[in-house]
Amino acid sequence: MRLVILDRDGVINEDSDHYIKSADEFRPIPGSLAAIARLNRAGYTVAVASNQSGIGRGLFEPAALEAMHAKLARLLAAEGGRVDHIAYCPHAPEANCACRKPRPGLLQQIARHYATELRDVPVVGDSLRDLEAARAVGARPLLVRTGKGERTLATADEGLAGVPVYADLAEAVDHLLRQA
Ligand SMILES: [Mg+2]
Ligand SMILES: [Zn+2]
């Protein structure tokens, strides 16, 4: 299979330092949904791996997350696109779970879901932890400047070495589809 894994906040939808807590606050980044639809049309399965510690912090309920993802599915369907699988970590950092990125648990969940390997699978994120999780499973990290992307770049962290940087998901997808 041809799989692409996306972070959610800051890649698909606008991020907020105050967390995205409701479907109302879930607002797609311009061009991101069309980019997912283009991936689908090119034969890619699109999965999402997302830290959602707002649940563990008591900021919103799992039902609110379901509502956000229903909105995502509805808006995507209107563009002819689909996210096939969403793996999320609901835990607060203190829970010290195995799934919260930069740990690779969410990506491993996705690998199990599809019974596939993640070697060289593109993983698009806006934070260092996305890149680290991708690297931990041998996947291929890509960074976008949307969301926390500019802040991530400004860290000049060694984790950025060799990671291609794109303006947004639309540009990252252009690049992936040209390569394919
Ligand atoms: Mg993010
Ligand atoms: Zn977790």
Side-chain angles (χ1 to χ4, degrees), residues 4-23 25-33 35-36 39 46-66 68-69 71-72 75-76 83 85-113 118 121-137 139-157 159-160 163-173 176:
V4 175
I5 300 173
L6 310 178
D7 176 42
R8 197 196 78 174
D9 300 327
V11 174
I12 298 175
N13 57 287
E14 307 283 2
D15 201 1
S16 161
D17 286 337
H18 307 291
Y19 300 86
I20 306 301
K21 303 179 290 299
S22 67
E25 293 175 351
F26 184 93
R27 299 192 186 98
I29 293 170
S32 68
L33 302 185
I36 292 170
L39 282 171
V46 177
V48 165
S50 179
N51 282 357
Q52 291 297 327
S53 68
I55 294 175
R57 298 174 202 265
L59 297 173
F60 56 88
E61 296 291 323
L65 192 69
E66 293 306 319
M68 294 177 220
H69 294 166
K71 180 177 181 180
L72 170 62
L75 296 175
L76 256 178
V83 165
H85 182 69
I86 297 178
Y88 68 90
C89 165
H91 308 114
E94 309 82 70
N96 205 24
C97 65
C99 44
R100 182 175 164 79
K101 294 177 282 186
R103 292 195 171 152
L106 288 180
L107 299 181
Q108 289 164 340
Q109 279 180 31
I110 291 170
R112 276 198 302 279
H113 177 81
L118 296 179
V121 166
V123 174
V124 184
D126 66 324
S127 296
L128 276 174
R129 56 174 69 135
D130 302 317
L131 313 179
E132 288 170 30
R135 250 191 223 102
V137 296
R140 176 152 57 99
L142 285 66
L143 183 73
V144 289
R145 293 179 181 271
T146 49
K148 298 190 167 74
E150 290 290 355
R151 265 189 263 172
T152 299
L153 277 170
T155 64
D157 190 277
L160 293 164
V163 175
V165 181
Y166 302 101
D168 54 15
L169 181 60
E171 191 184 283
V173 166
L176 283 173

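All values derive from a computational prediction rather than experimental measurement. Order of listing sets the numbers, starting from 1, for every ligand and every atom in it.
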K.L.:
Applying side-chain contact (heavy atoms from CB on, under 4.5 Å), can you list everything that pairs with Pro122, at least two apart in sequence or on another chain?
P.N.:
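Partners of Pro122 under the side-chain contact (heavy atoms from CB on, under 4.5 Å) test: Val4, Arg140, Leu142, Leu176.
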K.L.:
Tell me whether the Mg ion (ligand 1) has Asp7 as a neighbour, meaning an N, O or S atom of it below 2.8 Å.
P.N.:
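Under 2.8 Å: Asp7 contacts the Mg ion (ligand 1) through an N, O or S atom.
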K.L.:
Test of geometry: compute the angle OD1(Asp126)-the Mg ion (ligand 1)-O(Asp9) and round it to 10°.
P.N.:
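Here the angle at the metal atom is close to 100°, to 10°.
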K.L.:
Might you work through the salt bridge (Lys or Arg N to Asp or Glu O under 4.0 Å) test for Asp17 and Arg151, ending with a clear yes or no?
P.N.:
CA-CA 12 Å; Asp17 286 337; Arg151 265 189 263 172; 3.1 Å; yes
K.L.:
Rounded to the nearest 0.5 Å, what's the gap from OH on Tyr19 to OG on Ser53? Could you check?
P.N.:
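So the OH of Tyr19 and the OG of Ser53 are separated by 4.0 Å.
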K.L.:
Roughly how far, to the nearest 0.5 Å, is CD1 of Ile36 from CG of Leu72?
P.N.:
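Nearest 0.5 Å value for the CG-CD1 distance: 6.0 Å.
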K.L.:
Determine, step by step, whether Lys101 and Asp7 satisfy the salt bridge (Lys or Arg N to Asp or Glu O under 4.0 Å) criterion, reporting the C-alpha distance in whole Å, the side-chain angles of both residues, the deciding distance to 0.1 Å, and the verdict.
P.N.:
CA-CA 10 Å; Lys101 294 177 282 186; Asp7 176 42; 3.0 Å; yes
K.L.:
Excluding waters, which protein N, O or S atoms are within less than 2.8 Å of the Zn ion (ligand 2)?
P.N.:
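You should have found Cys89 SG, His91 ND1, Cys97 SG, Cys99 SG.
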K.L.:
Just jot down the side-chain contact (heavy atoms from CB on, under 4.5 Å) partners of Thr146, sequence neighbours excluded, or say none.
P.N.:
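Listed in chain order: Ile29, Val144, Asp168.
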K.L.:
Taking only residues two or more places apart in sequence or in another chain, which ones pass side-chain contact (heavy atoms from CB on, under 4.5 Å) with Pro30?
P.N.:
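Partners of Pro30 by the side-chain contact (heavy atoms from CB on, under 4.5 Å) criterion, ordered by chain and then number, come out as Glu14.
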